[in-house]
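Chain A is the first sequence line, chain B the second, and so forth, proteins listed ahead of strands; every chain is numbered from 1.
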There are 2 protein chains.
Amino acid sequence: MQNLSKNQQIIFDLIDKSPEPLKAYTILYNVQKKGIKAPLQVYRALDKLVEIGKIHKIESRNAFIACHNSSCQVAKATAFSICEICEKVTEISSDSLSKYLANFKDKDGMKYIKYNLEFFGLCKKCKVK
Amino acid sequence: MQNLSKNQQIIFDLIDKSPEPLKAYTILYNVQKKGIKAPLQVYRALDKLVEIGKIHKIESRNAFIACHNSSCQVAKATAFSICEICEKVTEISSDSLSKYLANFKDKDGMKYIKYNLEFFGLCKKCKVK
DNA sequence: TTACATCTTGTTATATTATAACAATCTAAA
DNA sequence: TTTAGATTGTTATAATATAACAAGATGTAA
């Protein structure tokens, strides 16, 4: 558990308090007043935060959310549900799912400790409408 | 099962015969001699091909591969293994996996018919080296 | 067969996402 | 305290993707 650098902390705080995934350039616009001026400064912090498991990238959306699941910090094994209407993203913490996927063997008998799963559908709210 | 349009067919043929996922601009360079000159022509064909299930997008790589698994054409439920060294991508066709994921319920009891799963690791060849 | 809707194409321009390259500064451990 | 590694700052550019508009092709139902 290492300490975050200045830029990493600024960017993590922003993502952590956001109710929705943030895109790199949205982050940039929001931290310019804190002295972070260039895309690369944002991407470098994002890379590091992803690497140490503090945030995850939602690949299908090119956006980033904070991790609230202590177990995936090591494993880089992530699962999300994404609402196709309101774009709400929720990290899934299911022991059964993570166990199933960690033990899954492909046809060559290969196992994977690293994966990313994105479920798509409608969230509760959008389903009702 | 609809017929493909001219551009869709050209682009599908290229992806289908490629041993590896292709990126949009790689596709563009390879079909310019066939009269497809602009990115948008490529992206439109790709969108359609993804929509009808003839190809899949590898989200973490921004690349496209042909589908060889008839069942996902309808379901849009996809799973891949990706080698982190050689970038080889293989579509996973596992009844057990697809059944598990199709029946998976999140903590709200929600099921998802649509998902994308990307496993990361080393392929057989790269593991040996 | 016509008329209509829908899909597809072509084209230019631009938006969005991400990295290269180089130099300086900070930080923590030996 | 020195030194390796991490972090920062900066400019430029690469890579990925969409907007907007006009025209042509296609099929389908009256």
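Taking every heavy atom of residues 27-38 of chain B and every atom of DNA chain C, pairs under 4.0 Å involve B:Lys37, B:Ala38, by number.
Residues B:Lys88 and B:Ile82 fail the side-chain proximity criterion, which asks for heavy atoms closer than 4.5 Å.
The main-chain N or O of A:Phe12 is never found under 3.5 Å from a side-chain atom of A:Asp16 such that the two would form a donor-acceptor pair. Counting only distance, with no hydrogens or angles, the side chain of B:Glu118 and the backbone of B:Ile58 share no donor-acceptor pair below 3.5 Å.
A salt bridge links A:Glu84 with B:Lys114: the distance from a Lys NZ or Arg NE/NH1/NH2 to an Asp or Glu carboxylate oxygen falls below 4.0 Å.
Contact check, B:Gln41 against C:dT9: no side-chain N or O comes under 4.0 Å of OP1 or OP2. At D:dT26, none of the side-chain N or O atoms of B:Lys6 fall inside 4.0 Å of OP1 or OP2 (strictly under the cut-off). Within the structure, a side-chain polar atom (N or O) of A:Lys23 is placed less than 4.0 Å from OP1 or OP2 of C:dT17. One finds no side-chain N or O of B:Ser5 lying less than 4.0 angstrom from the OP1 or OP2 phosphate oxygen of D:dA25. A:Lys48 has no side-chain polar atom (N or O) that falls below the 4.0 Å cut-off from OP1 or OP2 of D:dA6.
Within the nucleic acid shown, B:Gln8 comes within 4.0 Å of sugar-phosphate atoms alone, with no base atom in reach, counting heavy atoms only.
Taking atom CD1 of residue B:Ile11 and atom C1' of nucleotide C:dT9, one finds them 12 Å apart after rounding to whole Å. If you take CD of A:Glu51 and P of D:dG5, they are 15 Å apart, rounded to a whole angstrom. If you measure from atom CD1 of B:Ile58 to atom C1' of D:dT16, you get 16 Å, rounded to the nearest angstrom. The interatomic distance linking B:Leu22 (CG) with D:dT16 (C1') rounds to 15 Å, in whole Å.
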> If the sugar-phosphate is the primed atoms plus P, OP1 and OP2 and the base is the rest, what is the B/S/- string for nucleotides 18-28 of chain C, using protein heavy atoms under 4.0 Å?
Replying inline: BBBB-------
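Rounding to the nearest 0.5 angstrom, the gap separating the NZ atom in A:Lys127 from the SG atom in A:Cys123 is 9.5 Å.
In plain terms, the two heavy atoms of B:Ile55 and B:Phe64 that are nearest each other are CD1-CD2, 3.9 Å. Looking at every heavy atom in both residues, A:Lys57 comes nearest to A:Val50 through N-CG2, 4.5 Å. Across A:Tyr115 and A:Ala102, no two heavy atoms sit closer than the pair CE2-N, 4.4 Å.
Taking the ring centroids of A:Phe104 and B:Phe119, they lie under the 6.0 Å cut-off.
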